[in-house]
Asker: 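One structure follows; several queries about it will come next.
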Amino acid sequence: MNSLEILDNDRITAVKLLPRVVEITSQERRMIQDAAVHLQRKYGSYENRDFITHVHQLASYFLPERILHIAADFASDFSINQYGALVFRGLMDIDQESIGNTPPNWQSADYSKFNIYGFACALIHGALPSKPVQYYSQRKGGGLMHAIIPDEKMRETQTGSGSATDLYVHTEDAFLKHQADFLSFMYIRNEEQVPSTLYSIRSHGAIGDNFRPLFERMYKIPKDANLETATEEEEALDAVLYGNYELPFMRFDAAEQLFNPSIKQTDDAHSHLTEFWEEARDLIYSGFTPQAGDVILVNNHLCAHGRSAFRAGVRNIDGVEHECQRRIMLRMMSKVSLMEMRAHTLTEDPFFVIEEHLGKNFENI
């Protein structure tokens, strides 16, 4: 079950839905680490095709039974009480010495140092009805797992590499029709003690008629800022909410849809988005600060994610700033159905998604 918090203020007393936090026991942690070591010896890399093909069977065999049941319940629950985010606290012990100093950016990261953690992340996805996939739109080349590292050159950007500004909550790759169904974020280090932010569409309770216009396909959902947009390219429109009218799914990126000055929504669209945001921003949860070895599992249709602004490489202790290692987070994505999106994957690799924008594929792959 998800947690509930009683909120009191001058006007109302309300119940706030919170993500579920699961404390991993020492025995469960040992089982997961032993499994990752064994699988690394057998398959070499978490991107090994045989490993990904059999990841569901391997998850059933190697993961602790309690974790399997929790993940299965999470993946199939779309109820009003499902927040859409699940925290596994202490899933892995992280060998900080072997990782060494945080590299200056994700491009210079040595992924061999994260290999064993990739197996653990993939097993968690294997406990869901969802296979790990890679997207060409993510860093123009894919990769099943991405290291998210603060980059001084990108500190002001609305990206995982930024740090100086709050990263607005967003569903991952909102600009894709076939965005990931589930995300995992494994925290390798977070010495700056940066809170994560989560926002669930279920935090509103049942959706009222005032948000019914969000189901209309009238909202601009721009491409990722790292992708080029041709001047003659047609603007694609889509809905912000979809699925069941009372308990919908969500496709939303606050930074791009509301606060990007180059995106000119129609007056009606902007008005509806603003009304939605006015309510949504008060429901954002930032009460969890991940520690090394924690994993946050997210249903990308129910829950948006972000992070607070911070000074990379600096930790504040009782008002005194201390230098520290910058944070490292590993992100993995998975899809439930590969058949429905086969027209948007490589012919020789159904786990490699080549969608560029709302159903349009990259042309030169």
Side-chain angles (χ1 to χ4, degrees), residues 2 19-20 22 32 35-36 39 43 45-79 82-88 91 117-138 142-146 170-174 176-186 198 200-202 242-243 249-251 295-305 329-346 349-355:
N2 292 278
R20 180 179 180 182
V22 178
I32 292 169
L39 293 169
Y43 293 102
S45 167
Y46 56 85
E47 293 193 327
N48 183 302
R49 182 65 173 271
D50 287 339
F51 170 66
I52 296 301
T53 298
H54 299 289
V55 71
H56 298 305
Q57 295 94 320
L58 292 168
S60 296
Y61 182 81
F62 283 107
L63 285 179
E65 186 175 2
R66 184 177 74 111
I67 304 304
L68 282 169
H69 288 167
I70 290 172
D73 291 343
F74 172 77
S76 58
D77 182 5
F78 311 125
S79 71
Q82 174 55 257
Y83 189 91
L86 183 61
V87 177
F88 290 116
L91 187 83
Y117 308 118
F119 279 104
C121 288
L123 281 179
I124 293 297
H125 284 269
L128 312 168
S130 188
K131 275 231 195 293
V133 293
Q134 54 185 316
Y135 287 82
Y136 186 80
S137 59
Q138 293 274 354
L144 283 186
M145 191 169 68
H146 302 142
H170 58 284
T171 53
E172 191 72 15
D173 294 342
L176 298 180
K177 273 287 187 187
H178 299 280
Q179 76 273 38
D181 294 321
F182 294 97
L183 313 169
S184 65
F185 299 98
M186 175 177 278
L198 297 166
S200 171
I201 190 63
R202 294 292 180 264
Y242 57 97
F249 294 135
M250 170 178 60
R251 180 194 303 276
V295 170
I296 300 180
L297 190 61
V298 174
N299 181 325
N300 196 40
H301 301 278
L302 292 179
C303 187
H305 64 277
M329 181 177 70
L330 304 178
R331 174 185 59 203
M332 186 173 282
M333 298 173 283
S334 62
K335 285 293 295 180
V336 170
S337 174
L338 297 174
M339 288 186 290
E340 68 170 11
M341 54 187 283
R342 191 64 174 106
H344 304 283
T345 63
L346 289 178
D349 188 352
F351 308 129
F352 199 121
V353 185
I354 59 172
E355 184 186 3

Asker: Less than 4.5 Å apart, any side-chain heavy atom of Leu338 and any of Phe351?
Answerer: yes
Asker: Going through the checks in order, is the side chain to side chain contact (heavy atoms under 4.5 Å, CB included) test met by Val22 and Leu86?
Answerer: CA-CA 8 Å; Val22 178; Leu86 183 61; 3.8 Å; yes
Asker: For Arg251, enumerate each residue passing the side chain to side chain donor-acceptor pair (under 3.5 Å) test, keeping only those at least two apart in sequence or located in another chain.
Answerer: Gln179
Asker: Minimum heavy-atom separation for Gln82 and Gly84, please, with both atom names.
Answerer: OE1-N, 3.0 Å
Asker: Which heavy atom of Ala35 sits nearest to which heavy atom of Leu123, and what is that distance?
Answerer: CB-CD1, 4.1 Å
Asker: Looking at CZ of Phe119 and CZ of Phe51, how far apart are the two atoms once the value is rounded to the nearest 0.5 Å?
Answerer: 5.5 Å
Asker: For residues 54-72, pull every pair meeting salt bridge (Lys or Arg N to Asp or Glu O under 4.0 Å), keeping only residues two or more places apart or in separate chains.
Answerer: Glu28-Arg66
Asker: Working note: Leu128 + Leu297, criterion side chain to side chain contact (heavy atoms under 4.5 Å, CB included); need CA distance, chi angles, decisive distance, verdict.
Answerer: CA-CA 11 Å; Leu128 312 168; Leu297 190 61; 4.1 Å; yes
Asker: How would you list, by chain and number, every residue that makes a side chain to side chain contact (heavy atoms under 4.5 Å, CB included) with Ser337, sequence neighbours excluded?
Answerer: Met339, Glu340
Asker: Considering residues at least two apart in sequence or located in another chain, which fulfil the side chain to side chain donor-acceptor pair (under 3.5 Å) criterion with Arg49?
Answerer: none
Asker: When you look at Ile296 and Leu183, which way does the side chain to side chain contact (heavy atoms under 4.5 Å, CB included) test go after all the steps?
Answerer: CA-CA 8 Å; Ile296 300 180; Leu183 313 169; over 6 Å; no
Asker: Are His146 and Met333 side-chain neighbours, meaning at least one heavy-atom pair lies under 4.5 Å?
Answerer: yes
Asker: On the 0 to 90° scale, with breaks at 30° and 60°, tag the Phe78-Phe249 ring pair as parallel, tilted or perpendicular.
Answerer: perpendicular
Asker: Do Arg20 and Phe74 make a side-chain contact, defined as non-hydrogen atoms from C-beta onward lying under 4.5 Å apart?
Answerer: no
Asker: Just jot down the salt bridge (charged side-chain N to carboxylate O under 4.0 Å, His left out) partners of Lys131, sequence neighbours excluded, or say none.
Answerer: none
Asker: Under the rule for side chain to side chain donor-acceptor pair (under 3.5 Å), what residues qualify as partners of Ser200, not counting sequence neighbours?
Answerer: none
Asker: Going by side chain to side chain contact (heavy atoms under 4.5 Å, CB included), name the residues that satisfy it together with Asp73, two or more places apart in sequence or in a different chain.
Answerer: none
Asker: Less than 4.5 Å apart, side chain to side chain, heavy atoms only: is that true for Val353 and Leu176?
Answerer: no
Asker: Would you check if His125 and Val55 make a side-chain contact, meaning some heavy-atom pair closer than 4.5 Å?
Answerer: no
Asker: Locate the shortest heavy-atom distance separating Gly126 from Ala59; write the atom from each residue and the value.
Answerer: C-CB, 3.6 Å
Asker: Could you point out which residue of Tyr83, Phe182, Phe185 forms a ring pair (Phe, Tyr, Trp, His ring centres under 6.0 Å) with His305?
Answerer: Phe185
Asker: Do Arg202 side-chain atoms and Cys303 backbone N/O form a donor-acceptor pair below 3.5 Å?
Answerer: no
Asker: By ring pair (Phe, Tyr, Trp, His ring centres under 6.0 Å), which residues pair with His178, not counting sequence neighbours?
Answerer: His344
Asker: Quick one, Glu355 and Ser137 - any side-chain contact, counting heavy atoms below 4.5 Å?
Answerer: no
Asker: Indicate yes or no for a side-chain donor-acceptor contact from Asn48 to the backbone of Tyr43 under 3.5 Å, with no hydrogens or angles considered.
Answerer: yes
Asker: Applying salt bridge (charged side-chain N to carboxylate O under 4.0 Å, His left out), can you list everything that pairs with Glu172, at least two apart in sequence or on another chain?
Answerer: Arg331
Asker: Carefully, step by step, assess Gln134 and Asp349 under the rule side chain to side chain contact (heavy atoms under 4.5 Å, CB included).
Answerer: CA-CA 10 Å; Gln134 54 185 316; Asp349 188 352; 4.1 Å; yes
Asker: For Ser60, which residues count as a side chain to side chain contact (heavy atoms under 4.5 Å, CB included) partner, sequence neighbours excluded?
Answerer: none
Asker: Listed by chain and number, what are the side chain to side chain donor-acceptor pair (under 3.5 Å) partners of Tyr242, not counting sequence neighbours?
Answerer: His301
Asker: What's the separation between atom OG in Ser130 and atom CG in Asn299, rounded to the nearest 0.5 Å?
Answerer: 9.5 Å
Asker: Taking the side chain as C-beta and beyond, is there a heavy-atom pair between Val133 and Ile52 under 4.5 Å?
Answerer: no
Asker: According to side chain to side chain contact (heavy atoms under 4.5 Å, CB included), who are the partners of Thr171, at least two apart in sequence or on a separate chain?
Answerer: Ala174, Met250, Asn300, Ala304
Asker: Roughly how far, to the nearest 0.5 Å, is OG1 of Thr345 from OH of Tyr135?
Answerer: 11.0 Å
Asker: Does any non-hydrogen side-chain atom of Ile32 lie less than 4.5 Å from one of Leu91?
Answerer: yes
Asker: Please report the interatomic distance CG(Leu63) to CD1(Ile70), rounded to the nearest 0.5 Å.
Answerer: 11.0 Å
